[in-house]
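Below is one structure; the comments refer to it alone.
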Amino acid sequence: MRLRYPDTIRIVRLPCTGKVDVGYILRAFEKGADGVYVVGCMEGDCRYNRGNLRAKKRVAEARRILNIVGIGGERVQMFNLSSAEGPKFAQIALDMTEKIKAMGPNPVKLKKMKKAA
Amino acid sequence: MIVADRKPIEEIIEYIKDRDKVLIVGCNECVTVCEAGGKKEVGVLASALRMYFMNQGKEIKIDEVTLERQCDHEYLEEIRNIVDQYQAIVSLACGVGVQFMSEKYFKTQVYPGVNTCFMGVTEERGVWSERCQGCGQCILATTGGICPVSRCAKRLLNGPCGGSSKGMCEIGGEVPCAWQIIIDKLTALGRLDDYEKLAPLKDWSKERAGGPRKVVREDVRQ
Amino acid sequence: MNQTRAVKTDSKLEKILAAGHLAVTSECGPPRGSDSDLIKKKAELIKNHVDAINITDNQTSVTRLCSLASCIHLKLMGLEPVLQMVVRDRNRIAIQSDVLGAASFDIRNMLCLSGDHQRFGDSSQGQNVFDLDSMQLIQTVRRMRDEGKFLGGDEIKRPPKLFVGAAANPFADPFEIRVRRLAKKAAAGAEFIQTQCIYNLDRFEEWMKQVRDRGLHEKVYILAGLTPLKSAGMAKYMKNRVPGMDVPDDVVKRMSGVPKEKQPEEGIKICVESVQRLKELEGVAGFHIMAIEWEEKVPEIVEMGGLYPRPNPDAI
């Protein structure tokens with residue numbers, strides 16, 4: 001299945017979404033990411049039982065903080081799918097890219113660029 | 001441990017908004033265990049603040065460091081060489097650490113980054129509850145090892161009051177009635193007769209009421 | 001009937017109880033303002049039908065005219081007040097001081113309570129005190145009276161002569177210490193007990209049996225607490241919402257079984273029947289009738305319950 005997905009996406013591989021930390025997500029935005037999404041296994045199918053459920057809560061916490069700092073929590077999202085859903089993975093990548101493109105660039109990155117210029 | 005809770009980011013923004021250089025200092029002890037002021041929380045707060053101010057078009061240098069403890073001289077000394085570079089410190093230690101820092105670095109403004117709540121336990125991850133108020137004269141020997149000073153909403157030494165209902169306190173919020181637990185424990189120990197011993201009036205001078213307290217041990221003092 | 005016990009104060013309530021009469025007390029809540037007429041009017045409604053009138057102390061932690069001042073108003077009317085005092089709002093200095101203040105007006109009865117937690121009232125962000133608990137308050141007042149000493153050990157000139165009471169709830173949790181707790185209050189020095197409102201008479205009788213088994217009814221006068229139900233809604237509220245209240249289903253059913261306009265009458269009827277049944281129960285020394293904002297019904301309950309006329313304490 002040589003599926004294509006947008007090359008603007010950088011994949012960070014983790015052993016389990018349970019490794020996702022609020023700090024990781026915030027750092028990504030601080031370094032200029034326009035959006036972040038976390039792709040975990042289906043709920044109930046975590047090899048470590050609760051990894052993806054923990055990730056879900058951390059994504060929610062990251063959203064809360066991003067709303068406070070003015071970046072907008074909707075730039076982070078979590079998806080759950082099984083390893084057999086390659087096409088869906090590609091579709092999510094497309095959808096997320098469209099969504100973020102519509103929202104425009106990360107405002108903090110813009111300010112930083114202006115400062116540098 | 002001393003249990004603290006995170007302060008709203010908005011509150012911390014208000015403290016530091018007029019500063020240019022701020023150091024956020026975490027503590028590796030209690031506040032790390034209760035996930036309020038350890039290295040991770042320092043990272044999240046610092047990142048959030050940097051993004052907030054950048055977005056506001058304000059350049060504030062926000063650095064991070066986490067010390068082993070903030071309630072001992074030796075660890076607080078570790079930042080002596082860098083303190084002068086900052087106009088303010090946000091300490092994510094408990095109120096003890098915030099104050100010790102403020103006393104030590106007298107010319108630096110130190111802000112609290114957490115709300116210090118109580119001495120308590122980790123009931124489960126994400127749930128901490130109170131066990132001790134440091135009353136200075138422990139009475140646990142007479143109450144089955146369960147503390148009515150910290151766990152009864154009325155600190156009744158001869159409880160329970162009439163508000164105990166199905167094991168819960170009248171104040172609500174799923175607070176267990178301390179006296180129900182004491183009675184259950186005395187029953188389990190086969191010592192319910194102890195319940196009928198009247199607890200004497202407490203000497204509250206050993207507690208907050210007596211003013212700031214101090215323990216001095218000449219045998220270990222240098 | 002109780003056997004005669006030694007009288008230690010000039011309390012009319014104590015005198016009546018000691019003489020073996022069934023005593024009747026009631027209570028009035030002070031107003032949320034400074035108009036003393038409101039408390040006087042309530043007292044006027046019941047004064048001929050009760051031996052003493054409790055004045056509540058910022059009940060449910062809602063700020064009101066103080067119990068002590070209200071008691072003084074009753075005292076000036078020639079009535080017999082029972083000063084209720086909670087330990088929630090006073091440290092040991094204020095407690096002893098207020099006790100002396102009450103004694104200076106020859107207030108002769110006091111009910112020692114913990115008090116509801118302040119979260120229920122109009123000052124939920126306020127500090128609480130709880131320097132002493134209710135047991136220790138009992139001990140304190142007894143020490144002041146019997147030893148003529150302050151807690152600090154100094155002598156009191158003209159010690160307060162108060163007849164000391166406490167509350168008991170036969171229905172509260174944890175159930176296994178209900179009688180033990182009464183024993184503890186008696187040991188602390190309580191001389192009379194006013195119970196929580198009784199709706200479950202079977203369970204109250206069971207409690208009284210255990211009380212008698214330990215001989216506690218001979219150490220303290222037990223006044224059975226009764227509150228007439230105004231409506232089926234009130235019965236349900238008491239059953240479901242008030243901690244430590246035992247309202248059996250058949251009482252709720254009985255109240256709901258009559259039309260709304262007849263429910264107050266039914267509530268009075270239940271109350272009167274309770275008086276009649278508990279009058280015969282060994283160890284019950286009297287009744288504490290708490291008609292909440294319904295004081296005008298107290299005379300009717302007392303009369304129909306066969307507790308009228310009240311004995312003249314001066315003739316005892």
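So that the names make sense, note that chain A is the first sequence line, chain B the second, and so on, each numbered from 1. In what follows, every heavy atom counts, from backbone to side chain, and hydrogens, waters and symmetry copies are set aside.
Counting heavy-atom neighbours within 6.0 Å of B/Ile139 CD1, excluding the residue itself, gives a total above 12. The environment of NZ in C/Lys239 is crowded: more than 12 heavy-atom neighbours from other residues, nucleotides or ligands sit within 6.0 Å.
With chain B as the partner, the residue from C/Arg180, C/Arg119, C/Gln136, C/Gln196 showing the most heavy-atom pairs under 4.5 Å is C/Arg180. By number of non-hydrogen pairs under 4.5 angstrom with chain B, the leading residue of C/Arg181, C/Lys185, C/Glu176 is C/Arg181. Contacts with chain B were tallied for C/Asn169, C/Asp116, C/Val242; C/Asp116 has the most, counting heavy-atom pairs under 4.5 Å. For the options B/Leu157, B/Asp184, B/Asp193, B/Leu192, heavy-atom pairs under 4.5 Å to chain C are most numerous at B/Leu192.
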Please report the C-alpha distance between B/Leu201 and C/Asp131 in whole Å, then the side-chain angles of each, then the deciding distance to 0.1 Å, and finally whether the side-chain contact (heavy atoms from CB on, under 4.5 Å) criterion is met.
CA-CA 8 Å; B/Leu201 275 63; C/Asp131 180 3; over 6 Å; no
Set out, in order, the CA-CA distance, both residues' side-chain angles and the distance that settles side-chain contact (heavy atoms from CB on, under 4.5 Å) for C/Arg88 and B/Lys154, then state yes or no.
CA-CA 8 Å; C/Arg88 178 192 60 223; B/Lys154 300 177 185 172; over 6 Å; no
I'd like to know whether B/Trp204 forms a side-chain contact (heavy atoms from CB on, under 4.5 Å) with C/Arg92, so could you lay out the CA-CA distance, the side-chain angles of the two residues, the decisive distance to 0.1 Å, and finally the verdict.
CA-CA 11 Å; B/Trp204 294 113; C/Arg92 59 190 82 179; 3.5 Å; yes
Could you go step by step and tell me if B/Cys177 and C/Asp173 meet the side-chain contact (heavy atoms from CB on, under 4.5 Å) rule?
CA-CA 10 Å; B/Cys177 168; C/Asp173 293 328; over 6 Å; no
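Proximity to chain B (any heavy atom under 4.5 Å) is shown, for C/Leu113, by neither the backbone nor the side chain.
The pair B/Glu196-C/Arg214 counts as a salt bridge, with a side-chain nitrogen and a carboxylate oxygen less than 4.0 angstrom apart.
For the residue pair B/Asn158 / C/Lys184, a side-chain donor-acceptor distance below 3.5 Å is found, with atom types taken as modelled.
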